[in-house]
Amino acid sequence: RLRTWDSRSQVHEPVDRNFRQAFSELDRLKDKLAVGDAVIEKAAYIYRKALEKGLVRGRSISALIASALYAACRDTETPRTLKDIGQASNIKRKDIARCYRLLLRELNLKMPVVDPIKCISRIASKAGLSEKTKRKATKILQTAEENKISAGKDPMGLAAAALYVACVTNGENKTQRDVAEAAGVTEVTIRNRYKGLKVALNL
Amino acid sequence: MPQTKPIVSVENVVASASVDQKMDLNEITKTFPDVEYHPDQFPGLVFRLKTPKTATLIFTSGKMVCTGSKSEDMARKAVKTVVQKLRKGGIKVKKDATVQIQNIVASINLGGKIHLEQAARTLPRSMYEPEQFPGLIHRMLDPKTVILLFSSGKLVCTGAKQEPDVYRSVNNLHALLEEKNLMIYD
DNA sequence: GCTTTAAAAAGTAAAGT
DNA sequence: ACTTTACTTTCCAAAGC
């Protein structure tokens with residue numbers, strides 16, 4: 001094969017073939033990221049729009065597919081971080097972020113703001129936390145959002161801190177390190193978010 | 001009418017300049033030992049001034065880029081100072097430099113907090129991605145500038161070519177935020 | 001697109017004490 | 001835990017890869 005998946009798109013390459021390759025790559029990422037068919041279909045739709053607009057010319061096809069998938073996750077409120085997509089696709093987080101911004105601007109896409117509450121389940125599953133703790137963390141974040149401490153903060157950091165607080169109140173034995181690792185943030189971030197949560201919730 | 005008066009301060013001015021003649025950058029390196037010149041890395045020579053604290057990039061074409069000034073005037077003076085120093089060091093520079101302001105960066109305090117999430121939903125041409133950056137990025141069409149908005153009520157305005165454009169941008173945005181009830185004053 | 005320069009905003013990160 | 005340093009975002013010009 002002369003052209004690998006990482007090659008730049010060719011002007012004379014049939015659009016149809018390009019799209020079929022994109023779909024098989026999306027199917028591969030679907031298993032790695034454990035996302036549903038609806039997300040993949042949305043990603044394929046966004047990628048096709050990008051193809052039609054000629055956004056693929058001179059760019060890495062893989063990076064564009066990965067960012068279309070990230071955009072689809074955002075649009076369907078499926079909690080997957082840029083880091084998650086980066087690890088699954090072997091493309092640098094920074095490149096996916098740049099392509100994602102390009103998709104937003106060129107396709108005039110408007111994404112919902114990431115809701116940290118939607119991040120709770122994913123972190124809880126990875127850390128092996130109880131349903132009760134998840135419900136507690138959800139309540140904590142609901143109060144937190146009302147007090148507007150979430151503005152500008154990483155949703156994963158907020159969710160991780162809420163889960164940590166929920167663990168402590170429920171007596172679930174999990175360290176900050178366990179929760180931080182499951183969320184992909186540092187313990188320092190959990191501590192910093194915890195400070196704000198403490199003030200907002202009178203803990 | 002805005003409820004507060006924004007506090008604006010210009011933080012950086014970028015200016016391009018030209019002395020309209022070829023320059024020997026290696027010769028400058030010999031007479032000015034503390035300049036940085038690594039042609040393999042970047043074609044420009046870095047000429048730093050302590051006052052005003054600026055960095056001027058000088059290219060073989062005689063074109064320059066001056067960064068770090070706090071005002072348009074300071075940028076023009078910095079370029080003049082660089083040319084003077086070159087002449088005092090024995091570098092022949094026939095004409096005075098022509099200067100053009102390319103970009104002005106300013107920080108602003110609106111004096112009240114901003115409801116960022118709501119602003120992200122209602123402001124056109126805006127992007128708010130807290131996973132990537134804590135500020136909301138808003139592209140203004142007239143003047144053509146980019147403003148970063150933070151929940152603290154502080155802003156960063158960049159892309160302006162003249163200082164009045166900074167004030168116009170800030171006033172436009174401030175009025176828009178109040179009109180859409182996105183400001184929270186204590 | 002990248003390389004270099006400058007500067008602010010607020011969040012996150014890593015390294016050293 | 002604390003401080004320090006550094007990286008994320010936005011803008012722009014320069015010459016050349």
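Just so you know, these numbers use all the heavy atoms, side chains as well, and skip hydrogens, waters and symmetry mates.
Ion pairing between a basic and an acidic side chain is recognised when a charged N comes within 4.0 Å of a carboxylate O; A/R59 and A/D95 show no such pairing.
Among C/dT3, C/dA14, C/dA9, the nucleotide with an atom closest to any side-chain atom of A/T186 is C/dA14. When distances run from any side-chain atom of B/V65 to the nucleotides C/dT4, C/dT5, C/dA9, the shortest one goes to C/dT5. The nucleotide whose nearest atom lies closest to any side-chain atom of B/L148 is, among C/dA9, C/dA7, C/dT12, C/dA9. For A/K153, the side-chain atoms get nearest to C/dG11 when compared with the rest of C/dA8, C/dA6, C/dG11.
A heavy-atom distance below 4.5 Å is not found between the side chains of A/I85 and A/L82. Looking at heavy atoms from C-beta onward, B/M23 lies in side-chain contact with B/L86 at the 4.5 angstrom threshold.
Nucleic acid contact for B/S69: none, since no nucleic acid atom lies under 4.0 Å from a heavy atom of the residue. Residue-level contact check: A/R93 touches neither bases nor backbone, having no heavy atom under 4.0 Å from any strand. Looking at heavy-atom distances under 4.0 Å, A/V185 makes contact with sugar-phosphate atoms alone, never a base. Contact annotation for B/V14: base contact, defined as any heavy-atom pair under 4.0 Å involving a base atom. As judged by a 4.0 angstrom heavy-atom cut-off over every strand, B/G135 is placed among residues making no nucleic acid contact. Residue B/S61 is in sugar-phosphate contact alone, with no base atom involved, counting any heavy-atom pair closer than 4.0 Å across all strands shown. Among the atoms of the strands shown, none is found under 4.0 Å from any heavy atom of B/E129.
To the nearest angstrom, C1' of C/dT5 lies 14 Å from CD of B/Q102. The separation between B/L136 atom CG and C/dG11 atom P is 14 Å, rounded to whole Å. What separates CE of A/M156 from P of C/dA13 is a distance of 11 Å, to the nearest Å. With rounding to whole Å, B/I137 atom CD1 is found 14 Å from C/dA8 atom C1'. When rounded to the nearest whole Å, the span between CZ of A/R101 and C1' of C/dG1 equals 14 Å. One atom, CD of B/E36, and another, C1' of C/dA6, lie 13 Å apart when rounded to the nearest Å. In this structure, A/R59 places its CZ atom 11 Å from P of C/dC2, rounding to the nearest Å.
Each of A/Q176 and B/K63 was matched to the nucleotide of DNA chain D holding its nearest heavy atom; the match closer to the 5' end belongs to A/Q176. A residue-by-residue look at B/T145 and B/P134 shows that B/P134 has its nearest nucleotide of DNA chain D further toward the 5' end. In this structure, B/N103 and A/D154 both approach DNA chain C, and ranking their closest nucleotides by distance from the 5' end singles out B/N103.
Atom name P, nucleotides C/dG1 and D/dT8: the rounded distance is 16 Å, in whole Å. As rounded to the nearest Å, C/dA9 and D/dA13 have C1' atoms that lie 23 Å from one another. With P as the reference atom, C/dT4 and D/dA6 are 15 Å apart, rounded to whole Å.
Using a 4.0 Å cutoff to heavy atoms of chain A, the contacted part of DNA chain D runs 5' to 3' from D/dA1 to D/dT10.
Using modelled atom types and a 3.5 Å distance limit, the side chains of B/E11 and B/S9 yield a donor-acceptor pair. For the residue pair A/S60 and A/S62, no side-chain donor N or O sits within less than 3.5 Å of a side-chain acceptor on the partner. Under the 3.5 Å distance criterion, with hydrogens and angles disregarded, a donor-acceptor pair is assigned to the side chains of B/K161 and B/Q102. In the model, B/T54 has no side-chain atom that pairs as donor or acceptor with a side-chain atom of B/S69 under 3.5 Å. For the residue pair A/Y100 / B/E129, a side-chain donor-acceptor distance below 3.5 Å is found, with atom types taken as modelled.
Atom CG of A/N192 and atom CD of A/E187 lie 12.0 Å apart (nearest 0.5 Å).
Side-chain N/O atoms of A/R98 include one lying less than 4.0 angstrom from OP1 or OP2 on C/dC2. At the phosphate of C/dA13, OP1 or OP2 sits under 4.0 Å from a side-chain N or O atom of A/T189.
Nucleotide C/dA7 forms no Watson-Crick or G-U wobble pair with any nucleotide shown, as no partner meets the under 3.5 Å limit on both distances.
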